[in-house]
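Notes follow the structure.
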Amino acid sequence: MTVRTRFAPSPTGYLHVGGARTALFSYLFARKHGGQFVLRIEDTDLERSTAESVNAIMEGMTWMGLDYDEGPFYQTQRFEHYHAAIQELMDKGLAYRCDCSKERLERLRDKQMAAKVKPRYDGHCRGRQVDPDAPHVIRFSNPVDGAVIVDDMIRGRVAFANSELDDLIIRRSDGSPTYNLTVVVDDADMGITHVVRGDDHLNNTPRQINILKALGKEPPRYAHVPMILGSDGSPLSKRHGAVSVVAYRDMGYLPEALLNYLVRLGWSHGDQEMFSLEEMIALFDIGDVNKAASTFDTDKLDWLNQHYIQHGDPAHIARLLSPHMGQIGIDPATGPDLVDVVAAQGARAKTLKELAEISAFCYRDFEAFDEAAAKKHLRPAAREPLQRMRAGLEMLALEDWEPETLHHVVERVAAELELNMGKVAQPLRVAVVGRAASPGIDITLQLVGKEATLRRIDKALAFIAEREAAAS
RNA sequence: GCUCCCUUCGUCUAGCGGUUAGGACGCUGGCCUCUCACGUCGGUAACAGGGGUUCGAAUCCCCUAGGGAGCGCCA
C-alpha cells in the first residue's frame with residue numbers, strides 16, 4: 001500500500017503559517033514513505049470561498065517548495081460523488097430525512113443546556129416517514145451504543161462513546177452535502193491512507209469513522225497535529241501580526257528559513273536545529289511530533305533566517321534580495337554586483353528587507369549622516385585623517401581599487417599620523433556609509449567605488465567645516 | 001454545561017523508571033576586533049500542584065488546577 005496524504009484547505013483566506021505547517025507535516029510524511037501528496041480545495045462554502053484565496057494558497061505552497069503530486073481537486077466539482085454516497089446510506093437505512101423545524105431544534109438545545117447535558121439531536125425523525133417533496137435535511141444514523149477508537153499516530157488511542165455523538169446532518173435542505181460527509185467521501189475516493197490535520201478536527205474524527213464504516217470503507221490512519229499559538233497563548237491569528245506565509249516572503253524571510261522554523265515547531269530530531277528539506281524528509285517521523293500546542297517565536301525565526309542568509313549560496317540569496325532592492329527604489333544594476341554585497345553583508349541582516357536597507361549605501365548617496373555617528377566621528381580631529389585618505393585614495397588606479405590595496409592605504413595613513421586603525425577607519429566609514437556600522441572598511445570602500453568614495457569624503461569634510469563654523 | 005485533548009527553563013524542545021534534567025532562541029558576561037555583525041568561551045532559567053505505584057519517578061496511575069478544541073443546514 002502506497003502512502004497517500006492530502007492537504008485540504010478551505011479557500012477563505014491566505015495560507016497561514018499554521019496551515020503551512022500542517023501541510024508540511026503531511027508532505028513530509030508522504031515523501032518520507034515514498035508516497036503521494038495531494039491538494040484538495042474544500043470550497044463547498046460558496047459564500048466564503050474565493051478564487052483569489054485558491055491562488056494565494058497555491059502561491060504560498062509553491063514558494064515554500066511544497067509540491068503536490070495530484071490536484072488541486074475541487075469539492076464543488078465532486079457533488080455527484082457526495083450525492084451517490086448519501087443515496088447509498090439512504091438505501092442501507094443508515095440515513096434518514098428530517099424535517100424538524102429550527103424552532104424545535106432550538107427548544108431542544110435550550111432544554112439540554114438547562115439540564116447541563118451536551119446539546120445534540122434527539123433522533124426525533126428516526127423511523128418517521130418524512131415527505132421527500134417537502135423541505136427536509138438528511139441525517140446520518142449514528143450508532144447508538146458502543147465506542148469509536150481513534151488510534152491516532154500522534155495522540156495514541158482516543159475513545160469516544162457513540163452515546164456522545166448525535167445524528168449529524170449530511171445533506172442540507174438546499175441539497176448540498178456537509179463537511180463531515182464530503183471529507184469522508186473524498187478521502188475514500190482519493191485513496192488517502194493517512195490523514196494529517198489540525199487537532200481541532202479530533203472531535204470530528206469518530207463521526208467520520210462511523211460514516212466511513214457505514215459506507216463500507218476502511219478508515220485511514222489519523223495524525224492530529226497541535227495548533228500554533230501567539231505570544232499571549234491564544235490561537236495564532238492576525239492580531240498577533242503576520243500569519244500569511246506570503247507576508248513572510250514579503251518581509252524578507254527565506255522559504256528555507258520559514259520551513260526550518262516551522263518543522264521545529266512541534267517536531268524535533270534530538271538536538272538538531274538546522275534541516276534542509278531533504279534532511280526533513282529523511283529524518284521526519286510523525287510519531288516524534290509533539291502533542292502540545294506551541295508558541296510562534298519571531299526571534300527564533302529571525303535567527304534561522306539570518307543563518308540562511310549568511311550561509312546560503314550568495315548567488316541564490318542575491319536573486320531573492322533583488323526585489324527587495326527594487327522595493328526601496330534601487331536598481332542593483334547601477335552599482336556593485338549584488339552577490340558581492342550579499343557576501344559582505346550577509347552576517348548583518350535578519351531579513352532580506354533589512355539587508356536591502358543596510359546595503360543601499362552601495363548604490364546611492366545617503367540623505368544625511370546618522371546624528372550620533374557624525375557627532376562622534378566627524379569632528380575636527382578627523383579632518384586630517386580624512387584629507388590624507390582622500391589624497392591616498394585619489395591616487396589609486398581603478399584597477400587597484402581592491403580590498404588589499406585599500407587596506408594598505410588606511411594602514412599607511414594611520415601609521416603616518418600615529419593613530420590606531422579605528423581613528424582613521426571610523427571617520428572614513430561614517431563619511432562613506434553615513435552610519436557607524438558597515439563591513440570591513442576595505443570591503444566597504446570597494447563596494448562604494450572610487451568616485452562615490454571621494455565625493456562622500458568631500459561631503460564629510462564640508463560637514464566638519466560647517467560644524468566648526470557653527471560652533472565658533 | 002458536557003465530551004475530548006494538552007501541561008519540562010520566558011520561548012522551541014531532548015528525556016521514553018536510575019541524568020549534576022541536555023540542546024537551541026532570547027537575555028547576559030568575557031574573548032576576537034577599524035565599527036556593526038559573525039564567530040567563540042561562560043552565565044541565567046524548567047519537570048503546574050497534590051496523592052499514589054516502585055528500592056527508585058520528569059517518565060506509570062488517580063485527583064485538582066490551568067490552557068485548548070468540539071458540541072452548526074462552517075470547514
Side-chain angles (χ1 to χ4, degrees), chain A residues 8-12 42-45 47-49 75 98 102 105 109 112-120 136-139 150 152 154-155 158-161 163-166 168-180 182-183 198-207 224 226-227 229 231 233-235 261 264-274 290-304 306-307 310-311 345-350 358 373 377 407 410-411 414 420-430 433 435-442 444:
Chain A
S10 53
T12 56
E42 310 220 322
D43 57 350
T44 54
D45 184 346
E47 299 277 300
R48 299 192 299 155
S49 299
Q75 289 194 319
C98 166
K102 296 238 189 215
L105 262 19
R109 185 192 165 78
Q112 287 166 328
M113 289 293 265
K116 298 188 193 307
V117 297
K118 181 193 271 191
R120 55 196 207 272
H136 66 275
V137 299
I138 292 180
R139 288 181 185 273
V150 179
D152 194 275
I154 294 173
R155 312 271 154 169
V158 184
F160 295 84
S163 57
E164 289 296 330
L165 276 23
D166 65 356
L168 73 163
I169 292 171
I170 55 176
R171 195 181 79 171
R172 303 184 183 94
S173 46
D174 67 0
S176 65
T178 59
Y179 169 72
N180 282 295
T182 59
V183 241
D199 71 1
D200 48 334
H201 289 286
L202 183 56
N203 287 293
N204 288 325
T205 308
R207 306 164 169 286
H224 287 94
M227 59 171 47
L229 310 175
S231 47
S234 65
Y261 177 71
R264 279 288 288 107
L265 207 55
W267 175 79
S268 60
H269 181 73
D271 286 338
Q272 188 171 343
E273 294 287 350
M274 306 292 181
N290 257 267
K291 297 177 191 173
S294 37
T295 308
F296 194 88
D297 178 20
T298 309
D299 282 338
K300 189 157 181 181
L301 207 211
D302 284 349
W303 170 69
L304 279 166
Q306 177 167 52
H307 171 87
Q310 184 180 180
H311 298 287
Q345 295 273 57
R348 294 177 172 74
K350 293 188 188 320
I358 63 171
H377 300 291
H407 191 78
V410 181
E411 271 182 334
N420 58 37
M421 282 288 281
K423 285 278 189 283
V424 178
Q426 274 310 86
L428 183 57
R429 171 173 282 112
V430 176
V433 181
R435 281 175 283 115
S438 85
I441 193 66
D442 43 5
T444 299

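Lettering of chains follows the sequences in order, A, B, ..., and the numbering in each one begins at 1.
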Going by side chain to side chain donor-acceptor pair (under 3.5 Å), name the residues that satisfy it together with A:Arg264, two or more places apart in sequence or in a different chain.
A:Glu273
When the P atoms of B:A46 and B:A21 are compared, how many Å lie between them, rounded to an integer?
12 Å
Just name whichever nucleotide pairs with B:C55, Watson-Crick or G-U, keeping both distances under 3.5 Å, else none.
B:G18
Where A:Ser294 and A:Gly266 come nearest, the two heavy atoms and their spacing
OG-N, 4.0 Å
When all nucleic acid strands are considered with a 4.0 Å heavy-atom cut-off, which category describes A:Ser176: base, sugar-phosphate, or nothing?
nothing
Measure CD/A:Glu47 against C1'/B:G72 and give the value in whole Å, please.
15 Å
Once you apply the 3.5 Å cut-off to both distances, tell me the Watson-Crick or G-U wobble partner of B:C71, or none.
B:G1
Going 5' to 3' through nucleotides 19-38 of chain B, assign each nucleotide B (protein heavy atom under 4.0 Å from a base atom), S (under 4.0 Å only from sugar-phosphate atoms) or - (no protein heavy atom that close).
---BBBSS-------BBBBS
Can you list the residues that meet the ring pair (Phe, Tyr, Trp, His ring centres under 6.0 Å) rule with A:Phe160, with sequence neighbours excluded?
none
Spacing between A:Asp200 atom CG and B:G72 atom C1', to the nearest angstrom
15 Å
Distance test, side-chain N/O of A:Ser294 to OP1/OP2 of B:C12, below 4.0 Å
no
Partner set under ring pair (Phe, Tyr, Trp, His ring centres under 6.0 Å) for A:His136, not counting sequence neighbours
none
To the nearest Å, give me how far apart CG (A:Asn180) and P (B:C73) are.
11 Å
Identify the pairs formed between an N or O of the protein and an N or O of nucleotides 60-66 of chain B at a distance under 3.5 Å, and give each distance.
none

In the structure shown, which nucleotide is the Watson-Crick or G-U wobble counterpart of B:C36, with both distances under 3.5 Å?
none
Could you give the distance separating B:U59 and B:G70 at their C1' atoms, to the nearest angstrom?
30 Å
Using atom CE of A:Met274 as one end and atom P of B:C12 as the other, report the distance to the nearest whole Å.
18 Å
Inter-nucleotide P distance (B:C16, B:G22), Å rounded
14 Å
Rounded interatomic separation in angstrom, taking CZ from A:Arg109 and C1' from B:C71
7 Å
Can a side chain N or O of A:Thr44 be found less than 4.0 Å away from OP1 or OP2 on B:A75?
yes
Identify, with sequence neighbours excluded, every residue that meets ring pair (Phe, Tyr, Trp, His ring centres under 6.0 Å) alongside A:His311.
A:His307
Among all residues two or more places apart in sequence or in another chain, which pass the side chain to side chain donor-acceptor pair (under 3.5 Å) test with A:Gln112?
none
Determine the interatomic distance between C1' on B:U13 and the same-named atom on B:G49; round to the nearest Å.
23 Å
So what's B:C27 paired with, Watson-Crick or G-U wobble, going by both distances under 3.5 Å?
B:G43
Rounded to the Å, how far apart are A:Ile154 CD1 and B:A69 P?
18 Å
Hey, does A:Arg48 reach any base, or is it just sugar-phosphate, or nothing, if we go heavy atoms under 4.0 Å?
base
Spacing of A:His201 atom NE2 relative to B:A75 atom C1', expressed in whole Å
7 Å
Rounding to the closest angstrom, what is the interatomic distance between B:C63 and B:U20 at atom C1'?
32 Å
Pick the C1' atom in B:A58 and in B:A14, then give their distance to the nearest Å.
12 Å
Given that both distances must come in under 3.5 Å, which nucleotide forms a Watson-Crick or G-U wobble pair with B:G66?
B:C6
side-chain contact (heavy atoms from CB on, under 4.5 Å) partners for A:Ile154, two or more places apart
A:Asp152, A:Ala223, A:Val225, A:Ile286, A:Val289, A:Lys291
Write down the distance between CG (A:Asn204) and P (B:A69), rounded to a whole number of angstrom.
14 Å
For A:Leu229, all residues meeting side-chain contact (heavy atoms from CB on, under 4.5 Å), sequence neighbours excluded
A:Met227, A:Ala293, A:Thr295
Using every non-hydrogen atom in the two residues, find where A:Leu165 and A:Pro206 come nearest and quote the distance to one decimal.
CD2-CB, 3.9 Å
Spacing of the P atoms in B:A48 and B:G10 (rounded, Å)
11 Å
Pick the C1' atom in B:U19 and in B:U11, then give their distance to the nearest Å.
24 Å
Who pairs with A:Asp297 by side-chain contact (heavy atoms from CB on, under 4.5 Å), at least two apart in sequence or on another chain?
A:Tyr261, A:Asp299, A:Lys300
Apply side chain to side chain donor-acceptor pair (under 3.5 Å) to A:Ser234 and list each qualifying residue two or more places apart in sequence or on a separate chain.
A:Asp232, A:Arg239, A:His240
Stepwise side-chain hydrogen bond (donor to acceptor under 3.5 Å, both in side chains) test for A:Asn180 and A:Thr178
CA-CA 6 Å; A:Asn180 282 295; A:Thr178 59; 5.8 Å; no
NA contact type, A:His224, heavy-atom cut-off 4.0 Å: base, sugar-phosphate, or nothing?
nothing
Selection from B:G68, B:A75, B:A14 that lies nearest to any side-chain heavy atom of A:Tyr179
B:A75
Can you tell me if A:Thr178 touches the phosphate of B:G72, counting only side-chain N or O atoms and a distance under 4.0 Å to OP1 or OP2?
no
Can you tell me which residue among A:Val158, A:Val150, A:Asp199 is in a side-chain contact (heavy atoms from CB on, under 4.5 Å) with A:Thr205?
A:Val150
Upstream residue (5' side of RNA chain B) when A:Thr182 and A:Phe296 are each assigned their closest nucleotide
A:Phe296
How close do A:Ser49 and A:Asp43 get, counting heavy atoms only, and between which atoms?
OG-CA, 3.4 Å
What are the atom names and distances for every N/O pair under 3.5 Å that joins the protein to nucleotides 1-9 of chain B?
residue, atom, partner, partner atom, Å
B:G1, O2', A:Lys116, O, 2.8
B:C5, O2', A:Arg155, NH1, 2.2

